[in-house]
Amino acid sequence: MKETIYSIPINESFEITDGQCPVCRLHRRLTEDTLEYVLGAAMMEPDVRQRTNALGFCPEHITALMQKQKRLPLALLLETHFKKLAESEKHLFNASTCYVCDRVNGFLSAYYGNILYLWRTEEAFRRKWNAQDYLCRPHTAALANAAKEHLAKKEAPVFLASLREKAGASLKSMTESLEIFIRSFDHRFAGEDLGEHKQAVQNAAAFLCGAK
Ligand SMILES: [Zn+2]
Ligand SMILES: [Zn+2]
């Protein structure tokens with residue numbers, strides 16, 4: 001069935017309960033697969049080359065592609081991309097497109113639909129979902145939007161309530177952590193061991209950024 005084609009990676013990611021966002025985990029894996037694909041098998045796919053020529057790569061992903069140290073395939077991709085930019089003003093004057101972002105986002109939207117399908121139909125997945133206590137802000141918002149599209153009127157509020165519950169608990173503990181961190185700058189509390197609250201700002205930023 002179409003809706004369950006990505007159930008394996010989704011189940012694998014939701015199996016892990018390490019306090020990290022399970023959708024970020026999927027996102028990072030998709031990005032990594034796409035970078036490998038772009039510099040490997042996709043080189044020989046004329047349809048994909050047409051898309052990489054037209055869309056190019058955003059600064060974040062050109063940096064990631066450079067880090068792969070595969071200079072020849074990257075040179076070949078950029079050579080034909082540059083020819084496209086030279087011949088088309090439409091593409092030259094639009095710097096906001098990226099083949100990697102485009103492919104990753106395409107898969108992610110399908111994943112959102114699949115996550116909701118699994119949540120709706122599989123008891124075992126619902127247990128895994130309930131055991132996850134943290135989702136980053138971007139993926140919380142993305143799943144909330146997807147719920148409105150994929151779930152029936154009766155089911156959506158149940159799912160949204162579980163999203164709110166996870167986000168509420170995370171926001172509460174991160175806010176407390178930020179308060180303790182801020183308090184440590186007050187001379188009356190100088191020398192107090194911050195422990196895990198040393199990471200308060202990093203954790204807050206990670207919540208807002210998601211898989212980067
Ligand atoms: Zn996330
Ligand atoms: Zn990109």
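Along the sequence shown, residues carry numbers from 1. Counting convention: from 1, in listed order, for ligands and their atoms alike. In this text, all values refer to a predicted model and were calculated from it rather than measured experimentally.
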#### Entry: Protein N, O or S atoms lying under 2.8 Å from the Zn ion (ligand 1), listed by chain and number
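You should have found Cys21 SG, Cys24 SG, Cys136 SG, His139 ND1.
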### Message
Counting C-beta onward and ignoring hydrogens, is there a side-chain heavy-atom pair between Asp33 and Phe107 closer than 4.5 Å?
### Response
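Result no, sub-4.5 Å side-chain heavy-atom pair not found.
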### Query
Are Arg120 and Phe159 side-chain neighbours, meaning at least one heavy-atom pair lies under 4.5 Å?
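No, side chains not in contact.
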### Message
Can you confirm whether more than 12 heavy atoms, excluding those of Arg137, are under 6.0 Å from its CZ atom?
### Response
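Counting other residues, nucleotides and ligands, CZ of Arg137 stays at 12 neighbours or fewer.
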### Task
Report, as yes or no, whether the 6.0 Å neighbourhood of atom CD on Glu36 holds more than 12 heavy atoms from other residues, nucleotides or ligands.
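Count over threshold, so yes.
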### Message
For Lys166, give me all partners under salt bridge (Lys or Arg N to Asp or Glu O under 4.0 Å), at least two apart in sequence or on another chain.
### Response
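Testing Lys166 for salt bridge (Lys or Arg N to Asp or Glu O under 4.0 Å), a comparison that skips the adjacent residues, returns none.
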### Query
What protein N/O/S atoms lie closer than 2.8 Å to the Zn ion (ligand 2)?
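Protein N, O or S atoms closer than 2.8 Å to the Zn ion (ligand 2): Cys58 SG, His61 ND1, Cys98 SG, Cys101 SG.
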#### Entry: salt bridge (Lys or Arg N to Asp or Glu O under 4.0 Å) evaluation trace for Arg183 with Glu179
CA-CA 6 Å; Arg183 200 184 63 183; Glu179 284 165 358; over 6 Å; no
#### Entry: Closest non-hydrogen atom pair, His139 against Cys21
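So the two residues come closest at ND1-SG, 3.6 Å.
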### Remaining members of hydrophobic cluster (4.5 Å side-chain criterion), Leu208
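Traced through the cluster, Leu208 reaches Tyr134, Leu171, Met174, Phe207.
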#### Entry: No-hydrogen, no-angle side-chain donor-acceptor test under 3.5 Å, Asn53 and Lys83
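The criterion, which ignores hydrogens and geometry beyond distance, is not satisfied for Lys83 and Asn53.
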